[in-house]
Amino acid sequence: MGEVQLEIPARVEYLVLARQVVAAAAAVEPRFRDERIDDLRIAVSEATTNAIEAHADLSRDERILIRCNLDDERIEVEVLDHAGGFDPGTAGAAPDAEAADRLEHERGLGLPLMKTLADETDISSTEGGTAVRLVVYTPHAQRPA
Amino acid sequence: MGEVQLEIPARVEYLVLARQVVAAAAAVEPRFRDERIDDLRIAVSEATTNAIEAHADLSRDERILIRCNLDDERIEVEVLDHAGGFDPGTAGAAPDAEAADRLEHERGLGLPLMKTLADETDISSTEGGTAVRLVVYTPHAQRPA
Amino acid sequence: MLFDLQVHPRAGWTVVSVIGELDLAAAPRVRQAMLQVVTGGPGSRDTPERGPRVILDLGAVDFIDSSGLGIVLGAVKRVRAAGGTLRVVIKEPQVRQVFALTKLDQILLLAASVDDAVTAPTAPGPVGDEPRG
Amino acid sequence: MLFDLQVHPRAGWTVVSVIGELDLAAAPRVRQAMLQVVTGGPGSRDTPERGPRVILDLGAVDFIDSSGLGIVLGAVKRVRAAGGTLRVVIKEPQVRQVFALTKLDQILLLAASVDDAVTAPTAPGPVGDEPRG
Ligand SMILES: Nc1ncnc2c1ncn2[C@@H]1O[C@H](COP(=O)(O)OP(=O)(O)O)[C@@H](O)[C@H]1O
Ligand SMILES: Nc1ncnc2c1ncn2[C@@H]1O[C@H](COP(=O)(O)OP(=O)(O)O)[C@@H](O)[C@H]1O
């Protein structure tokens, strides 16, 4: 159907904007239920938060690109940054912690939550930046096996 | 402070998104009062509506770019399309109509309303497209004379 | 989404209630509904001898731009051409401002609620739409 | 903007009410308020002998992500380290879902209102935070 792109400064004030745009873009397709749009809002918030934090670590004032691709089966959102990258294999190895351990994990909740909420998550990261691809399907779409 | 860019398909379903993004971008600066953000929302809605209509006339499925530039004095929004352009000098010569004439102007309200609500409006249009620049000042900003 | 439209009768009037943002995306549905009401399709409750009596209820409209105003203007024209009466309900300040800036508030009876619109006296002023029916 | 924070006493508890979206942008203010309450700065109403009794009221929070959860976890740790009790009020389904997915609902007393949080019995279950004070 259509593609929406949003470019924002890598600053926390713009997180709310990233969430709003993705939610509004998804709402263009009436088949997305509110709960799935909520899932997507959180996942996008996590990815964008990480991108902003990564830029802050560099204290470079760069920009984050958020790209939404919508058809009647699914919405795909890409969050692209130009920070230093990381190893997605080691980071966020889901702390599927026992309740008792839970308190020890004040950070590191972002990637696991993102992966739980999106139907598909791909992260590709280099020293030049990171691309996080999140996909959420409409209720009746045929998902790839 | 920061620049926000939004790119949308030239389709009416995305009007609401254009308004939301501009309103949310303006709200990042706490000095903008709600009334001025409302003014800006309408002006941006008018400019984006015209861009979408111009693309529909061409039945070309192109994209519209909306760029917000914010500092603590003002917000500047540019709406850029790639449709056929028009002559801003002749179009929208404000129908400052008497009430009795009002009924005859079912169309043509957009440009006058936009010019009334924004503090500054510049339109530059060629056959390759149109750029509408809208500026709204914060209450205490020193406006250029 | 954020837009809905309902038509219902009320004390001899046909009330067309619009909910949400009245822009170019919403315009076709509202235009269509107004057309049906005026031409006596489903949703019209009017007795032919006095023409359609219509209340366009924008009380739940929180945004309107020139595309929405175009709808209102078209509706006024059509209702008057059919010898009827149109009243418009407005609540939100943003909507009120746009009607004032474009002087539509001078040619229309604007009411603050559907109740007010139903009970408003017939000729409100020199440029009211009332004495046409 | 869409975020606000209030601290007030209530029946022997200090209630920290958060309004809006609890993300990385809002996190520093909430963290700061919780810190003050626990360390007995302004806003703290606790008697030293039993440690701080704090209700983190997220009833008006309509969005939370992992940055917000980090705040809650930090607050639990700090309150418990000071020998106190923390209860959390949650209303929105989105917020409830995030607490469930991350299993925070298993280590915290989650109440549906500040009233419920005040009147809840002390030890709700095996992993409740209650018997620490
Ligand atoms: N876009 C990114 N760029 C660089 N590093 C990242 C990015 N996203 C995640 N990371 C790394 O992965 C770690 C885990 O991320 P996450 O699970 O969201 O938890 P948290 O952000 O709380 O640390 C981060 O601390 C960071 O080091
Ligand atoms: N971006 C644009 N591209 C091409 N033509 C435009 C553009 N904006 C405005 N126009 C022209 O100016 C006219 C007046 O615009 P406007 O005052 O908004 O009223 P309306 O859109 O109702 O006609 C339009 O009908 C159109 O011909």
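Only heavy atoms go into these numbers, but all of them, side chains included; no hydrogens, no water, no symmetry mates. Throughout, protein chains are lettered first and strands after them, A, B, ... in sequence-line order, and every chain is numbered starting at 1.
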Undergrad: Quick one: salt bridge (charged side-chain N to carboxylate O under 4.0 Å, His left out) partners of D34(A), sequence neighbours excluded?
TA: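 By the salt bridge (charged side-chain N to carboxylate O under 4.0 Å, His left out) rule, D34(A) matches no residue at all.
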Undergrad: Starting at CZ of R67(B), measure out to CD of E7(A) and round the result to the nearest 0.5 Å.
TA: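 Result: 9.5 Å between the selected atoms.
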Undergrad: Over all heavy atoms of both residues, which pair between A25(B) and L17(A) is shortest? Give the atoms and the distance, please.
TA: N-CD1, 4.2 Å
Undergrad: To the nearest 0.5 Å, how far apart are CD1 in I8(B) and CG in L6(A)?
TA: 11.5 Å
Undergrad: Which atoms form the tightest heavy-atom contact between R63(A) and E3(B), and what is the distance?
TA: NH2-O, 2.5 Å
Undergrad: Under 3.5 Å, sequence neighbours excluded: what are the donor-acceptor pairs made by side chains of residues 37-45 of chain B?
TA:
unit_1: D39(B); atom_1: OD1; unit_2: Q97(C); atom_2: NE2; d: 3.2
unit_1: D39(B); atom_1: OD2; unit_2: R36(B); atom_2: NE; d: 3.0
unit_1: R41(B); atom_1: NH2; unit_2: E21(C); atom_2: OE2; d: 3.4
unit_1: S45(B); atom_1: OG; unit_2: R19(B); atom_2: NH1; d: 2.9
unit_1: S45(B); atom_1: OG; unit_2: D65(C); atom_2: OD2; d: 2.7

